[in-house]
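Comments concern the structure below.
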Amino acid sequence: MTVIHVALDVPVNRLFDYLAPNADSADIGRCVRVPFGNRQLSGIILSVSNLSSVPERKLKTAGLIDQAIPPLPQSLLELFEFCSHYYHHPIGQVVMNGLPALLRKPRHTTSRLPKQIQEWILTDAGRIITLSDIPARSKTKRQLFSLLLENGIITADIYKAMSPHSRKLLHEFKDLGWVEQRTALPGKFAFSTASTPAPTTEQAHAIAEILARIGTFTPWLLHGITGSGKTEVYLQVAASLLAQQKQILVLVPEINLTPQLEATFRKRFPNTPLVSLHSGLNSSERLQGWLQAQCGEANIILGTRLAIFTPMPRPGLIIVDEEQDHSFKQQDGLRYSARDLAVYRARQANIPIVLGSATPSLESYHQARIGRYRLLQLHARAISQAVLPAIHCIDMRVTPAQERLSEPILDALRQSLDQKQQSLVFINRRGYSPVLLCKSCRWIATCKRCSSRLVVHLRNRQLRCHYCGDQQPITPACPQCGDPDIMPFGHGTQRIESALIKQFPNARILRVDRDSIRHKAAWQTMLDTIHQGKVDILVGTQLLAKGHDFPNLALVCVLNADSSLYSTDFRAEEHLFSQLMQVAGRAGRAHIPGTVLIQTEFPQHPLYLALIRQDYAAYAQTQLKERKSASFPPFVYLAVLRAEAPVLAEALEFLHQTAAIATIAKEYAHIQLFDPVPATMTRLKGLERAQLLIQAVSRKCLQIFLSDWHQRISALPARSKLRWHLDVDPLTL
Ligand code: ADP
Ligand code: ZN
Ligand code: ZN
């Protein structure tokens, strides 16, 4: 008998066996329809054998194996398996999560594809033809050819609008070898003669280094200040690999927010098929782009985190831009980190990977410092006239303010308005739990067991550790300097927008947040408005910090950044530094020197001191030292088990049960299990949430432990009465 082992989208971590008399190993990676209960499901064949743990008479027969699309390559199947294993997520769900939705639907694939449209591009042979090679009397011919010379392409849209005669001429050109036809790829192609700028010395060095190790797995950390021209490094390395017919995968945090990068790639490589894969596509566009990558037709694949699962027959390079961005980690379902999987894929394919950032994640920076990654640095801005902005802190303890807006900031905004320049008011809006802080000496209440910051629970006058569960009463005075004026810190609702409107009634103020840009079109309109100079003051959160050029932006004001300094989230400071460097980078990009003003009650805080000097390295070193002494990543490895139930006690009880069966942990000195605790945001969507933190000295220890423990948890009777999941390498705790 021939048995196929199929990955199905069901929450059980195993494959399902079916009889498939005609199947053979060439069907591995193909899509198949199978009966499942009283339904029909689509699945992917992961292996073929003549064995099954199910008795033959109980095996059902599989339906149609889809031969229309090529099978998923072995390397992708391996990636899925790794992912399932590493993140402890059912294999079938991992596979289905990674595939375009339409591949999972019952209908036949080809009918799901958008109609193939053809476009015509000028060949190299065509490029050297001049108009004088075409007889002057052939007017239409000359016209058509000059159009080609100018644009390099007859797009599908133009072709559709052309007369039958012109179409015939195009076929003639084709017979002469002047043009070739190809399937139009989704998205527009701009033909451009954009020239490649000469790289700066630092860029040239980075490019040469990367190119020197092109055929081997080499992880590069490209650390370059904003405006240093990291993109140019990507482009020139990419050019070299594209010339070798290799495929390039570029991952970006949020594609709606980085249309500039897509446009840049399209402009630089107008004749290279590029697909862009992101959540804004409809499912047939997505499928088509994915198939074009899979069959090797698309050479550049640009996408958000999900694009890490794109099959590529000829991978040559992976780029992860803004590698520190948290959106590379999926926060539900399969909680994978696309950046980490990108490194896995690069190793698997034996190719280089470039992680680019102005403020690398401490994880990546640490890897570079210990020599696992190679560090490349760009210290100078690429355009020589562009100077770094001047950054100043405004000491809020001594500066007069109106409705939380200090006078220097109001003055600067007024001046900016007078000079018809744009300003950005950046609001740090992450909600954190309050901590106990002494404003005189900056002592902060930390947990004795795990050195994380304690959260103030005013109701029962307790301080509680949200990592390990330890509790203690609120101290009446600062234990370090005796100041009795010790207080919970971190609260603070912001009414800044309305205060601004009151202060500047005639200014055009635009607020940009996640809600206002939900749609790509809305975002584009907003960008246009900003670029056309129709906005005086932009008010926004982190979204505005990300990769945009606002040429007329001269002033950036940062408000209530302090709450991130004293947050219970150990990553909050890292995140703040990165964001402030990014917003600072928005100011004075072109020829206007920029100014950044930060309101703070802690002007002497090391983070601000490093920021003023724009010294990432110094900052990262102090942070890494703190992380090391407090045993936080990247010096330890974490996982968190979360449970949700209608009543908190149930969730906690379940976690206690899981802790009790973690026997292996006791034999394993390298693993530490903390007590179950209520989550920082205990109540969410009607459910109460609790969590249990696991800490390990190495990734390997953590994996060995989790594999065993996860199986035990999956056998607990209580497991099916509530919702629970394991988050490996969590970003938020
Ligand atoms: P980053 O991504 O590192 O913040 P960008 O890639 O946006 O920086 O580059 C900043 C600006 O410098 C862009 O306008 C880019 O076109 C320009 N630029 C980059 N490299 C060069 C170069 N070698 N010569 C001239 N201009 C450059
Ligand atoms: Zn004190
Ligand atoms: Zn603790």
Side-chain angles (χ1 to χ4, degrees), residues 194-207 222-236 250 252-253 258 260-261 263-265 267-268 319 321-323 354 356-360 376-386 388 436-455 463-472 475-487 489 545-551 568 570 581-591 630-632 672-677 691-693 695 733:
S195 56
T196 304
T200 63
T201 320
E202 285 180 325
Q203 285 172 331
H205 171 75
I207 296 162
L222 177 61
H223 172 214
I225 61 165
T226 41
S228 61
K230 291 182 287 295
T231 316
E232 193 54 44
V233 174
Y234 304 154
L235 290 168
Q236 297 202 19
V250 187
V252 294
T258 47
Q260 282 163 3
L261 192 66
T264 307
F265 269 86
K267 244 194 231 153
R268 182 65 63 87
I319 294 165
D321 192 31
E322 303 290 353
E323 66 88 27
V354 181
S357 176
T359 50
L376 294 169
Q377 290 187 289
L378 307 176
H379 300 94
R381 283 195 158 180
I383 302 177
S384 50
Q385 305 96 304
L388 287 171
L436 195 64
L437 173 77
C438 169
K439 284 198 183 176
S440 321
C441 75
R442 291 205 280 128
W443 172 87
I444 183 163
T446 54
C447 175
K448 292 183 183 67
R449 278 171 73 190
C450 72
S451 59
S452 66
R453 287 170 181 161
L454 296 170
V455 179
L463 294 169
R464 184 190 276 158
C465 174
H466 280 203
Y467 290 75
C468 76
D470 209 28
Q471 289 207 43
Q472 48 181 282
T475 34
C478 171
Q480 191 165 285
C481 74
D483 193 330
D485 193 19
I486 189 167
M487 49 147 58
F489 176 80
K546 290 185 186 178
H548 296 288
D549 269 325
F550 298 133
T568 52
F570 71 88
M581 283 287 271
Q582 279 190 43
V583 277
R586 298 303 116 214
R589 287 221 111 188
H591 307 300
S631 288
F632 279 131
Q672 208 173 345
L673 246 69
F674 292 106
D675 289 342
V677 291
Q691 65 189 37
L692 189 168
L693 184 68
Q695 183 179 304
L733 290 173

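Note that the structure is predicted; figures quoted are calculated from it, not measured. Numbering of ligands and ligand atoms starts at 1, following listing order.
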- [ ] Show which atoms of ligand 1 fall inside a sub-4.0 Å distance from at least one heavy-atom site of T226.
- [x] 4 (O)

Task: Option nearest atom 20 (N) of ligand 1 (shortest heavy-atom distance, choices Q203, Q582, K230) - done: Q203

Open item on the list: With side-chain contact (heavy atoms from CB on, under 4.5 Å) as the test, pick out the partner of L454 among R464, Q472, Q471.
Closed with: Q472

Open item on the list: Side chain or backbone, does T231 bring an N or O within less than 3.5 Å of an N or O on ligand 1?
Closed with: yes

- [ ] Quick one: closest heavy-atom pair of I207 and P199, and the distance?
- [x] CD1-CB, 4.1 Å

Open item on the list: Minimum heavy-atom separation for A358 and T226, please, with both atom names.
Closed with: CB-N, 3.9 Å

TODO: Mark the output for D321 as yes if a heavy-atom distance to ligand 1 is under 4.0 Å, and as no if none is.
DONE: no

Open item on the list: Between ligand 1 and G227, is the shortest N or O to N or O distance under 3.5 Å?
Closed with: yes

Open item on the list: Give me the atom names and distance for the closest heavy-atom approach of G356 to Y234.
Closed with: CA-OH, 3.4 Å

Task: Those atoms of ligand 1 less than 4.0 Å from some heavy atom in A382 - done: 12 (O), 18 (N), 19 (C), 20 (N), 21 (C), 27 (C)

Task: Expected output: side-chain Q203 to main-chain G229 donor-acceptor under 3.5 Å - done: yes

Task: Rounded to 10 degrees, the angle SG of C447 makes with SG of C465 at the Zn ion (ligand 3) - done: 110°

Task: Element-labelled atoms of ligand 1 that are located less than 4.0 Å from some non-hydrogen atom of E232 - done: 20 (N)

Task: Where S357 and E323 come nearest, the two heavy atoms and their spacing - done: CB-CG, 4.1 Å

TODO: Please report the shortest heavy-atom distance between G585 and R381, naming the atom on each side.
DONE: O-NH2, 3.5 Å

Open item on the list: How wide is the angle at the Zn ion (ligand 2) spanned by C438 SG and C481 SG, rounded to 10 degrees?
Closed with: 100°

- [ ] For A380 and I225, work out which heavy atoms get closest and say how close.
- [x] C-CD1, 4.0 Å

- [ ] Mark up the atoms of ligand 1 that fall under 4.0 Å of a heavy atom belonging to I225, in ascending order.
- [x] 3 (O)

Open item on the list: Heavy atoms only, cut-off 4.0 Å: how does P197 contact ligand 1, side chain, backbone, both, or neither?
Closed with: side chain

Open item on the list: Test your reading of the model: is there a side-chain donor-acceptor pair from Q480 to the backbone of I444, 3.5 Å cut-off?
Closed with: no

- [ ] Heavy-atom distances under 4.0 Å are what count here, so tell me which part of L378 touches ligand 1: side chain, backbone, both or neither.
- [x] neither

- [ ] Any atoms of ligand 1 less than 4.0 Å from a non-hydrogen atom of T200? List them with their elements.
- [x] 23 (N)

Open item on the list: Counting only nitrogen or oxygen atoms and a 3.5 angstrom limit, does A198 reach ligand 1?
Closed with: yes

TODO: Look at ligand 1 and say whether G224 reaches it with a heavy atom at a distance under 4.0 Å.
DONE: no

TODO: Using atom types as modelled and distance alone, determine if a side-chain donor or acceptor of E202 lies under 3.5 Å from a backbone N or O of H379.
DONE: yes

